[in-house]
J.: 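Okay, here's the structure, questions in a sec.
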Amino acid sequence: MSTRSKDEIAAAIARDIAATHPDGAYVNLGIGQPTLVADHLPPGSGVVLHTENGMLNMGPAAHGDDIDPDLINAGKVPVTELSGASYFHHADSFAMMRGGHLDVCVLGAFQVSAAGDLANWHTGAPGAIPAVGGAMDLAIGAKRVWVMMTLFDKQGAPKIVPECTYPLTGLGCIDRVYTDQGTFEVGAAGVRALELCGISAGELAARLAPLTPSVA
Amino acid sequence: MSTRSKDEIAAAIARDIAATHPDGAYVNLGIGQPTLVADHLPPGSGVVLHTENGMLNMGPAAHGDDIDPDLINAGKVPVTELSGASYFHHADSFAMMRGGHLDVCVLGAFQVSAAGDLANWHTGAPGAIPAVGGAMDLAIGAKRVWVMMTLFDKQGAPKIVPECTYPLTGLGCIDRVYTDQGTFEVGAAGVRALELCGISAGELAARLAPLTPSVA
Amino acid sequence: MTARVCADHDAAVAGTPDGATVLVGGFGMAGMPVDLIDALIRQGAADLTVVSNNAGNGDTGLAALLATGRVRKVICSFPRQADSWVFDELYRSGRIELEVVPQGNLAERLRAAGAGIGAFFTPTGAGTPLAEGKETREIDGRVHVLEYPIKGDLAMIKAHVADRMGNLVYRKTARNFGPVMATAAATVAVQVDRVVDAGGLDPEAVVTPGIYVDRIVSAEPEVAA
Amino acid sequence: MTARVCADHDAAVAGTPDGATVLVGGFGMAGMPVDLIDALIRQGAADLTVVSNNAGNGDTGLAALLATGRVRKVICSFPRQADSWVFDELYRSGRIELEVVPQGNLAERLRAAGAGIGAFFTPTGAGTPLAEGKETREIDGRVHVLEYPIKGDLAMIKAHVADRMGNLVYRKTARNFGPVMATAAATVAVQVDRVVDAGGLDPEAVVTPGIYVDRIVSAEPEVAA
């Protein structure tokens, strides 16, 4: 049993977005790994990508002559414009996010708590320069906020935890966590594995203890 | 000694706007008599008119073939568009007003208090249907809010009063009151006549008592 | 979810439940979504709360909706006009409730609903009867009143042109409340003069991005077919 | 008062006092008013508070201003980037203050300053370190944080085209903070690619109405002459 690659996780998220929103969804993909999801959206999914620096219907990354320094995404990567795009200023863009108009937002995370709290902006380490960007707005604003991360950190410690030990980004804001070792729901009912990949239910329970994940 | 006509009052206001803002001013003229001010603005004054239903650089009233039902002022009168106009939605238009960006607003009034309180939206009479429109936003929002009214009502009672008896539109918001019988400053220092027209200082004091207007 | 072009105005307001709060665009007749209002009259939802700047002019549009007796309450800034006889009669006979809101508070409360603002402090209305019973606070030496969002179940607005993504542009002062109401309702229905394909509007000039729009209906049926 | 086209960038930032709060547009380098920043460096105002999304990239623009040592404090959402070495060094050596603000709160607090909102409640940041010490209130079952406006003495922004009335349009995502910062400062200086006569911009497509703009300077000197 092998774990899922980042591409496989991104494909799973893309599939679930398309399944949940058959008529198309408005989606924000956080900077870093979540941007991979765009590459896996099925043709005709009708998904419209939002970038918080003021654009809807963002296209793929720009290359060569298509690069325009005035057209970048939230990660400051040059991107392209799809047909039906629109531009708006930052207050309007964040009003859109904070007002609950995005269907799905996918974020990276350091930790997610069983109750759905998110920690993804700051390690709290001494000397670290804090930088939050739009993470707190996205965390509380989208209709569904999903996380894409590895289930364990480099030291092997679980990133789904009883309580976040890193500084919080938002309280009770996460619906679902896509990881290399499976997909999980978190929230009031605790942790529930929707599917496992590369880990047995027994090992999962042992490594996430004292959490007691249920397995669908 | 004769009193000033509405046109003469409007001309005085127009003159003062032009004198206070030699480089041009952004001005909102309340519905009713204040709209007359537009006709008296000197050529080249550079004054830009705002209408709260979403336009800057509004032109004069439209007639005949120039009438466009999509282009009206706050009094719902068809108007025209001057070169350099812009359109915006109601939240942006009122943000502009409420954020203190208009240089001058001219409003009609039932009463103005010596301290600069304004009453201009509702008589409070039983059976009257209250309707406020943008009056409360204009009253608190413009840098300078001026009133254009007759000094006395039809029963001869003064409309500059110690305390407003009609329901208030705004507290301490009026700078200056242009009337048929003179121009007055109101505010923390009380009532001060800048000029009188058709009324003597003695008669003014008698009719505004217990207020004690000073005369410049 | 992305907007849908409806076959007719009835489809655009289908499913409106009794008791709904309906945001109605327009300032006087400019931007008034008359065809959607007529469809809502046919649809028959009752016990409605209507949020609009005015309370109807003459006998058409919003006035016609009020005349059905299916509006319980009007929230507006300026109900009384020379031609607001339908509202006047209902109000004077005690058959309709009225909440008068300063026009800027109306716009800002709608924006707050769309922008996820829980409440805001504004100096508008401080010390006046329209702030009675409301929480106040002095900020920077000025009395402010706490105001809450106004959310709609349905918004009915009129725009000039839509593309098939739901992006909208308006015409002149008919823009008025449309863009802000489009952000503030669970379902947003828009009547437009015409629909164009995606790419038919300048992305720099879009006023209402398609994310806010659910149902579009065009005055030119052959285009909307 | 209506906008003025300045002869050069120095004229557009003249008179900035020590201790000023300066709003600086741009998201990374997109929309960054580099020429105005260079003029402010020459102008020499010190003890500044800079409000911007980032805290400078590389060695030009905002980073160059920070490098002069004349910035006391930065208010931003995302100071730390791969190329933010100027800020990083100042911060780590204790020579600059930092207030980190969630990006949406930054935009909304600037808007509040421009729109006359005294304060607003938002769920953003509730329960996080960035809300510590701030007033909170539960509204509709959700914890909200009370946030206050951010006002500038000077805003420096970059737009694409201005007309002589000061109306502005922007280009693509370089729009970002420009329109909202233009509403939030006592003096607004704009660098543009070119200036056109009044009437040269579509009134329906103007993003920043001229009322917000004080000083314009064009990259094409012959047009601004």
Side-chain angles (χ1 to χ4, degrees), chain B residues 31 51-56 58 68-81 85-100 117-122 124 126-141 164 166-173, chain C residues 25 27-32 53-55 57 76-84 87-88 91-92 98 100-112 114-115 122-131 142-143 158 160 170-183 207-208:
Chain B
I31 59 180
T51 182
E52 58 260 42
N53 53 319
M55 182 186 193
L56 274 171
M58 177 177 68
D68 179 338
D70 285 345
L71 181 47
I72 59 175
N73 68 12
K76 306 192 174 78
V77 175
V79 291
T80 52
E81 170 189 304
S86 57
Y87 296 102
F88 30 84
H89 63 60
H90 248 81
D92 279 351
S93 185
F94 278 77
M96 192 180 285
M97 293 155 63
R98 293 149 63 111
D117 298 346
L118 170 67
N120 81 341
W121 70 287
H122 187 27
I129 298 177
V132 68
M136 289 186 180
D137 307 289
L138 284 164
I140 63 92
C164 296
Y166 288 121
L168 286 183
T169 307
L171 286 172
C173 53
Chain C
F27 181 85
M29 293 304 287
M32 171 81 68
N53 188 62
N54 302 109
N57 303 80
C76 74
S77 88
F78 209 80
R80 182 81 175 92
Q81 300 179 269
D83 58 354
S84 62
F87 173 80
D88 299 358
Y91 181 77
R92 291 192 202 283
L98 171 64
V100 174
V101 177
Q103 197 170 147
N105 280 356
L106 190 63
E108 189 70 18
R109 290 172 65 187
L110 289 163
R111 179 190 180 271
T122 173
T124 293
T128 79
L130 296 188
R142 197 168 197 194
V143 181
K158 181 173 189 288
H160 181 41
Y170 300 81
R171 261 199 93 239
K172 304 188 184 281
T173 59
R175 186 183 300 196
N176 59 65
F177 281 93
V180 67
M181 286 182 170
T183 70
V207 174
T208 294

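Just so it is clear, the values below take in all heavy atoms, side chains as well, and ignore hydrogens, waters and symmetry mates. All of these numbers come straight from a predicted model, not from anything done at the bench. Every chain is numbered from 1 and lettered A, B, ... according to where its sequence line falls, protein lines coming before strand lines.
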J.: Examine whether an atom of C:N105 lies under 4.5 Å from a heavy atom of chain B, and if so say whether it belongs to the side chain, the backbone or both; otherwise answer neither.
T.: both

J.: With a 4.5 angstrom heavy-atom cut-off, is it the side chain or the backbone of C:F87 that approaches chain B, or both, or neither?
T.: side chain

J.: For each of C:T122, C:T124, C:V207, tally heavy-atom pairs with chain B at distances under 4.5 Å, and name the one with the top tally.
T.: C:T124

J.: So which part of C:Y91 gets closer than 4.5 Å to some heavy atom of chain B, the side chain, the backbone, both or neither?
T.: side chain

J.: Which residues pass the salt bridge (charged side-chain N to carboxylate O under 4.0 Å, His left out) test with C:D88, not counting sequence neighbours?
T.: C:R80

J.: Under a 4.5 Å cutoff for heavy-atom pairs, which residue among C:G31, C:A107, C:A131 has the most contacts with chain B?
T.: C:A107

J.: Mind checking whether C:P129 and B:W121 have side chains closer than 4.5 Å, heavy atoms only?
T.: yes

J.: For a quick test of reading the model, state the closest non-hydrogen atom pair linking B:G170 to C:T128 and the distance between them.
T.: N-CG2, 4.1 Å

J.: Answer whether the closest heavy-atom distance between the side chains of C:V100 and B:H122 falls below 4.5 Å.
T.: no

J.: Looking at C:T173 and B:G54, would you say the former's side chain and the latter's main chain have a donor-acceptor pair under 3.5 Å?
T.: no

J.: Which region of C:L106, side chain (C-beta onward) or backbone (N, CA, C, O), has a non-hydrogen atom less than 4.5 Å from a non-hydrogen atom of chain B, or is it both or neither?
T.: neither

J.: Could you grab the distance from atom NZ of B:K76 to atom CG of C:N57, nearest 0.5 Å is fine?
T.: 6.5 Å

J.: Provide the closest heavy-atom pair for B:I72 versus C:A30 in the form atom of the first, atom of the second, distance.
T.: CD1-CB, 3.8 Å

J.: Quick one: which of B:N73, B:T51, B:D137 has the most heavy-atom pairs under 4.5 Å with chain C, could you say?
T.: B:D137

J.: Quick check for you: to the nearest 0.5 Å, what is the distance between C:N176 atom CG and B:N53 atom CG?
T.: 7.0 Å

J.: Decide ring pair (Phe, Tyr, Trp, His ring centres under 6.0 Å) for B:H90 and C:F27; before the verdict, give the C-alpha distance in whole Å, the side-chain angles of both, and the deciding distance to 0.1 Å.
T.: CA-CA 10 Å; B:H90 248 81; C:F27 181 85; 5.5 Å; yes

J.: For residues 91-98 of chain B, give me every residue with a non-hydrogen atom less than 4.5 Å from any non-hydrogen atom of chain C.
T.: B:A91, B:F94, B:R98

J.: Given heavy-atom pairs under 4.5 angstrom as the criterion, report whether the side chain, backbone, both or neither of B:D117 touches chain C.
T.: neither

J.: Write down the atom of B:G133, the atom of C:F78, and the distance for their closest heavy-atom approach.
T.: N-CD1, 3.4 Å

J.: What residue in B:A85, B:G172, B:A74 has the most heavy-atom pairs under 4.5 Å with chain C?
T.: B:A74

J.: Quick one: closest heavy-atom pair of C:P79 and B:A131, and the distance?
T.: CD-CB, 3.6 Å

J.: Select one option (side chain, backbone, both, neither) describing which atoms of B:P130 are under 4.5 Å from chain C's heavy atoms.
T.: both

J.: What are the two closest non-hydrogen atoms of C:L130 and B:V132, and how far apart are they?
T.: CD1-CG1, 3.9 Å

J.: Top residue by heavy-atom pair count (under 4.5 Å) with chain B, among C:M29, C:M181, C:H160, C:R92?
T.: C:R92

J.: Atom CG in B:D70, atom NZ in C:K172: separation rounded to 0.5 Å?
T.: 8.5 Å

J.: Report the option among C:A174, C:S84, C:A55 that has the most heavy-atom pairs separated by less than 4.5 Å from atoms of chain B.
T.: C:A174

J.: For C:V143, is it the side chain, the backbone, both, or neither that has a heavy atom closer than 4.5 Å to a heavy atom of chain B?
T.: neither

